[in-house]
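Computed from a prediction, not measured in an experiment: that's the story for all the values here. Values reported hereafter were calculated over all heavy atoms of this structure, with side chains retained and with hydrogens, waters and symmetry mates removed.
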Amino acid sequence: MTMHVVIVGAGQAGAALAAKLRSLGHTGPLTMIGEEIAPPYQRPPLSKGYLMGEMAAERLWLRAPEFWADQRVDLRLGAPVTRLDTATKTVNVGGEAIAYDALALTTGSSPRRLPAAIGGDMAGVYTVRGLADVDAMRPEFQPGRRVVIIGGGYIGLEAAAVAAKLGLQVTVLEMAPRILQRVAAPETSDYFRALHMAHGVTLLESTGLERLLGEGRVTGARLSDGREIATDFVIVGVGIVPNTTLAEAAGIALDNGIATDAHGRTSAPDVWSAGDCASFPWGAGRLRLESVGNAIDQAEVVAANMLGAEKPYLAAPWFWSDQYDCKLQIAGLNTGYDRIVTRPGDGNSVSFWYYQDDRLLALDAMNDARAYMVGKRLIEAGKSPAPGLVADPATDLKALLR
């Protein structure tokens with residue numbers, strides 16, 4: 001096909017979409033436009049190995065730089081798109097209007113920031129999202145220094161683990177009654193609370209931030225209970241928001257992100273979307289997933305559909321988090337669970353299985369790859385083993401797949 005495909009966003013979803021288009025036989029012009037100056041890279045290691053200093057930037061690249069040239073992808077970096085015109089089918093980059101036959105919006109997401117009114121714009125206040133964010137904060141990670149982390153979700157806890165391992169004094173503020181409350185069961189929260197406390201992290205749950213303190217640079221934090229604590233720097237991990245500004249200005253329908261149909265089409269002709277920025281039909285409602293797995297899988301389906309496949313996207317959600325010596329692997333979505341089944345593993349491994357009535361929805365597996373793999377396959381197959389069998393350590397997990 002000779003159509004010119006333009007991809008706006010050079011992250012995980014954009015890179016997967018471009019590579020898939022070529023592997024499926026698209027031979028026409030292919031342009032991928034990214035705001036960042038770095039070539040497409042993986043984000044999860046930013047708050048883990050890269051922040052620790054254990055991984056060079058080049059190891060983050062999704063593909064060797066020559067891959068894009070070999071695949072005849074016109075990769076434009078450091079080039080924010082300022083306008084999308086769906087009537088003329090053009091995107092503006094700098095002073096240039098680039099015409100497209102088909103457009104994919106893989107614009108990703110941005111971290112929520114603290115309001116300037118409470119000190120969010122002071123020096124020494126960081127978010128963890130892009131390579132530049134982590135490059136900016138890495139010099140702060142010196143033994144004995146103090147860091148306050150706002151938010152007890154996975155990003156905040158991963159940053160806390162790195163800081164604790166590097167010898168910093170770490171305090172995590174979580175406004176909700178428990179860490180991970182939005183995403184995990186109390187059992188998983190309890191596991192990670194104990195893990196972080198064992199590494200010397202101070203966890204202040206049910207504790208909000210009134211404001212950050214300092215003149216120009218942050219020096220402390222005033223908490224919702226009136227206490228003030230000193231700090232050398234702050235990391236904000238209070239969630240992300242989909243990047244929809246370009247789509248909204250172009251009149252494309254939004255619904256918890258850029259709204260797509262089951263095939264990845266938006267409300268504008270010949271415009272598609274995938275990744276963190278896109279929501280898609282799920283059951284009786286819509287879903288937007290913030291994960292590497294979704295970015296890749298959804299983008300590859302959209303690539304096929306741009307070439308005429310008419311294939312619906314059937315999400316099989318999976319996630320992971322590394323903290324200290326614990327690898328958490330998550331399969332499925334736990335929304336609506338009413339029962340947790342605990343399965344002890346070997347040594348320090350354990351898994352928590354989420355059920356709604358007798359239906360298996362999801363599981364969290366800590367250092368238990370076997371439980372994760374079996375649970376993931378069960379969920380994808382729509383199978384729900386009896387909770388009693390799952391809880392019994394004598395049960396051979398693989399037998400549940402038969």
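- Looking at N92 and T82, their side chains never bring a donor and an acceptor atom within 3.5 Å of each other.
- L180 CG to L328 CG: the interatomic distance, rounded to the nearest 0.5 Å, is 8.5 Å.
- For the residue pair Y50 / D135, a side-chain donor-acceptor distance below 3.5 Å is found, with atom types taken as modelled.
- Taking a 6.0 Å sphere around CZ of R138, one finds it holds more than 12 heavy atoms contributed by other residues, nucleotides or ligands.
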Open item on the list: Checking L289 against F280 for the side chain to side chain contact (heavy atoms under 4.5 Å, CB included) test, could you report, in this order, the C-alpha distance in whole Å, the side-chain angles of both residues, the deciding distance, and whether it holds?
Closed with: CA-CA 9 Å; L289 292 174; F280 54 90; 4.0 Å; yes

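- The distance from atom CG of L30 to atom CH2 of W68, rounded to the nearest 0.5 Å, is 8.5 Å.
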Task: Worked check of side chain to side chain contact (heavy atoms under 4.5 Å, CB included) between T335 and L361 - done: CA-CA 8 Å; T335 306; L361 301 178; over 6 Å; no

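- Looking at R370 and D368, no side-chain N of the basic residue comes within less than 4.0 Å of a carboxylate O on the acidic one, giving no salt bridge.
- If you check the side chains of D364 and T188, you find a donor sitting under 3.5 Å from an acceptor.
- The side-chain heavy atoms of V271 and Y100, taken from C-beta on, include a pair separated by under 4.5 Å.
- With sequence neighbours left out, the side-chain contact (heavy atoms from CB on, under 4.5 Å) criterion links A247 to L105, I252, L254, I258.
- In this pair, H199 and Y324 present their aromatic rings parallel. The plane angle is below 30°, not in the 30 to 60° band.
- When all heavy atoms are compared, the tightest approach of D276 to S109 is OD2-OG, 2.9 Å.
- Both the sub-6.0 Å distance and the 45° axial angle are not jointly satisfied by R178 relative to the ring of F192.
- The OH atom of Y154 lies 13.5 Å from the CH2 atom of W320; values are rounded to the nearest 0.5 Å.
- The pair E54-K165 does not meet the salt-bridge criterion, since no charged nitrogen lies less than 4.0 angstrom from a carboxylate oxygen.
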Show which side-chain atoms of residues 33-45 pair as donor or acceptor with protein atoms under 3.5 Å away, not counting sequence neighbours.
residue : atom : partner : partner atom : Å
E36     : OE1  : Y41     : OH           : 2.5
E36     : OE2  : Y41     : OH           : 3.1
E36     : OE2  : R43     : NH2          : 2.9
Y41     : OH   : R43     : NH1          : 3.2
Y41     : OH   : L131    : N            : 2.9
Q42     : NE2  : R59     : O            : 3.3
R43     : NH1  : R129    : O            : 2.8

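- Counting heavy atoms from C-beta outward, F233 and R217 have side chains that approach closer than 4.5 Å.
- Annotation: D396, atom CG; neighbour count of heavy atoms from other residues, nucleotides and ligands within 6.0 Å is above 12.
- Annotation: side chain of L287 is in contact with side chain of L333 (closest heavy-atom distance under 4.5 Å).
- If you check the side chains of T127 and R113, you find a donor sitting under 3.5 Å from an acceptor.
- Listed here is the closest heavy atom pair of P385 and V390: CG-CG2, 3.7 Å.
- When side chains are defined from C-beta on, R146 does not count as touching T171, because their heavy atoms never get closer than 4.5 Å.
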Task: Stepwise side chain to side chain contact (heavy atoms under 4.5 Å, CB included) check, I235 with I155 - done: CA-CA 10 Å; I235 297 173; I155 286 290; 5.9 Å; no

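- In this structure, V128 and V134 have side chains that are in contact, with non-hydrogen atoms separated by less than 4.5 Å.
- We find the CD1-CD distance between I240 and E290 to be 3.5 Å, quoted to the nearest 0.5 Å.
- Under the 4.5 Å side-chain criterion, counting only non-hydrogen atoms from C-beta, L17 is not in contact with M32.
- When all heavy atoms are compared, the tightest approach of T86 to A250 is OG1-O, 4.1 Å.
- Contact annotation: the side chain of V350 never approaches that of E187 to less than 4.5 Å [non-hydrogen atoms, C-beta and beyond].
- Within 6.0 Å of CG in D346 there are 12 or fewer heavy atoms belonging to other residues, nucleotides or ligands.
- For the pair L157 and H196, the minimum side-chain heavy-atom distance is below 4.5 Å.
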- [ ] Under the side chain to side chain contact (heavy atoms under 4.5 Å, CB included) rule, what do I379 and L363 come out as? Steps first, then yes or no, please.
- [x] CA-CA 9 Å; I379 293 164; L363 83 154; 4.2 Å; yes

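- Within a 6.0 Å radius of CE in M55, other residues, nucleotides and ligands contribute more than 12 heavy atoms.
- In this structure, E215 places its CD atom where only 12 or fewer heavy-atom neighbours from other residues, nucleotides or ligands lie under 6.0 Å away.
- With rounding to the nearest 0.5 Å, the separation of OH in Y313 from CG in D297 is 5.0 Å.
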